[in-house]
Novice: 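So that we are looking at the same thing, I have put the structure below in structure tokens.
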Amino acid sequence: MAPKSDTHPSVSGAGDSSSSSSIDPLFHALRLIPYSFLRTPRLRLKLPTLTLPSPMTVYAVVLLTYFMVVSGIVYDVIVEPPGIGSTQDRATGAVRPVVFLPGRVNGQYIIEGLSSGFMFVLGGVGIVFMDLSLDRNRAKSVKVSYASAGISSLVIAYIMTSTSLFNIPIFNKNTRLQ
């Protein structure tokens, strides 16, 4: 005995599509009657014109994004560390503020992230100023001003970042290096 086929022959014929294979006359009437006298309207839609942002807007957005990434804003939102820490001096018993979290490489206070992010951005802006000082169409005094601002920004950012990375106490007069 031959196996039976799983396919069933169509009732309305082989050439009909699956949506019109219904034998319900009400379905065919509702499908044809409203569209016999209705027409689609002619729409005169204008496509919106998108203008490119100015280069300074793009630069500001990129600089702000860079600041947020290197400052650890995502870490601050997820972990919610304290803004600044404190420690008690053993000799005097006075409570001193601590900006950098000691002993943990993968942790930070909020002020630590913001200050280091600001120093990284300051160094980047210094490089931009030094690039602007190379423009041939600028006056000599403007080029010197850009170059000096760029070099000083880079030096300040490097020294402050190095100081914060190695916890060098250069601003505290009472601390002695041993």
Side-chain angles (χ1 to χ4, degrees), residues 39-178:
R39 292 188 188 139
T40 58
R42 293 184 188 183
L43 299 176
R44 295 180 184 163
L45 296 176
K46 293 182 180 179
L47 293 175
T49 57
L50 298 175
T51 59
L52 292 175
S54 69
M56 281 310 291
T57 305
V58 173
Y59 177 70
V61 168
V62 167
L63 198 64
L64 181 67
T65 305
Y66 177 71
F67 173 73
M68 289 173 48
V69 167
V70 299
S71 294
I73 298 291
V74 174
Y75 172 82
D76 291 341
V77 168
I78 292 172
V79 178
E80 295 179 1
I84 195 166
S86 62
T87 185
Q88 190 170 11
D89 192 8
R90 292 183 186 181
T92 63
V95 177
R96 296 182 330 172
V98 176
V99 176
F100 299 102
L101 185 62
R104 285 186 52 200
V105 179
N106 59 350
Q108 71 178 17
Y109 293 127
I110 293 175
I111 194 72
E112 177 181 359
L114 293 177
S115 62
S116 60
F118 177 73
M119 289 303 143
F120 291 145
V121 168
L122 183 66
V125 169
I127 291 173
V128 170
F129 280 155
M130 288 175 57
D131 181 55
L132 288 174
S133 71
L134 297 176
D135 189 11
R136 294 182 186 191
N137 297 329
R138 296 190 194 277
K140 178 97 172 158
S141 62
V142 174
K143 288 166 61 172
V144 168
S145 298
Y146 276 144
S148 61
I151 291 171
S152 63
S153 296
L154 273 173
V155 168
I156 290 171
Y158 177 75
I159 290 173
M160 294 304 290
T161 305
S162 300
T163 303
S164 66
L165 288 178
F166 300 116
N167 286 332
I168 300 171
I170 61 172
F171 295 116
N172 193 350
K173 296 177 184 176
N174 299 331
T175 305
R176 291 184 296 175
L177 295 174
Q178 297 177 2

Novice: Around atom OH of Tyr158, are there more than 12 heavy atoms of other residues, nucleotides or ligands at under 6.0 Å?
Specialist: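 Not buried by this count: 12 neighbours or fewer within 6.0 Å.
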Novice: Which pair of heavy atoms, one from Gly107 and one from Glu112, lies closest together, and at what distance?
Specialist: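 In this case the closest contact between Gly107 and Glu112 is O-OE1, 4.3 Å.
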Novice: How close do Ala147 and Ser133 get, counting heavy atoms only, and between which atoms?
Specialist: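 Nearest heavy atoms, Ala147 then Ser133: N-CB, 3.6 Å.
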Novice: With side-chain hydrogen bond (donor to acceptor under 3.5 Å, both in side chains) as the rule and sequence neighbours excluded, what pairs involving residues 69-79 come up?
Specialist: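 For residues 69-79: Asp76-Gln108.
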Novice: If I compare all heavy atoms of Leu122 with all of Ser153, which pair ends up nearest, and what's the gap?
Specialist: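 Reported closest heavy-atom pair: O-CB, 3.7 Å.
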Novice: Would you say that Leu63 contacts Val125 through its side chain, given a criterion of any heavy-atom pair below 4.5 Å between the two side chains?
Specialist: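 Of all side-chain heavy-atom pairs linking Val125 with Leu63, at least one is under 4.5 Å.
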Novice: Measure the spacing between OG of Ser148 and CE of Met130 and express it to the nearest 0.5 Å.
Specialist: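 Ser148 atom OG to Met130 atom CE measures 11.0 Å (nearest 0.5 Å).
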Novice: Just how far is it from atom OG1 of Thr161 to atom CD1 of Ile156, taken to the nearest 0.5 Å?
Specialist: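 Those atoms lie 11.0 Å apart.
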Novice: For the atom pair CD1 (Ile127) and CD1 (Ile151), what is the distance rounded to the nearest 0.5 Å?
Specialist: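 The CD1 atom of Ile127 sits 12.0 Å away from the CD1 atom of Ile151.
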Novice: Let me confirm one number: the OG1-CG distance from Thr57 to Leu52, rounded to the nearest 0.5 Å.
Specialist: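 Going from OG1 on Thr57 over to CG on Leu52, the span is 11.0 Å.
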Novice: How many angstroms lie between OH in Tyr109 and CD1 in Ile84, if you round to the nearest 0.5 Å?
Specialist: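 Answer for the OH-CD1 pair, Tyr109 versus Ile84, is 8.5 Å.
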Novice: Considering non-hydrogen atoms only, spot the tightest contact between Arg136 and Lys143 and give its length.
Specialist: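 Arg136 and Lys143 have their closest heavy atoms at CA-NZ, 4.4 Å.
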Novice: What distance separates Ile73 CD1 from Ile110 CD1, expressed to the nearest 0.5 Å?
Specialist: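 So the gap between those two atoms works out to 8.5 Å.
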Novice: Taking the side chain as C-beta and beyond, is there a heavy-atom pair between Phe67 and Phe118 under 4.5 Å?
Specialist: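 A side-chain contact exists here, since the closest heavy-atom pair is under 4.5 Å.
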Novice: List in chain and number order the residues that pass ring-ring contact (aromatic ring centres under 6.0 Å, His included) with Phe129, two or more places apart in sequence or in another chain; answer none if no residue qualifies.
Specialist: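 Result, ring-ring contact (aromatic ring centres under 6.0 Å, His included) vs Phe129: Tyr146.
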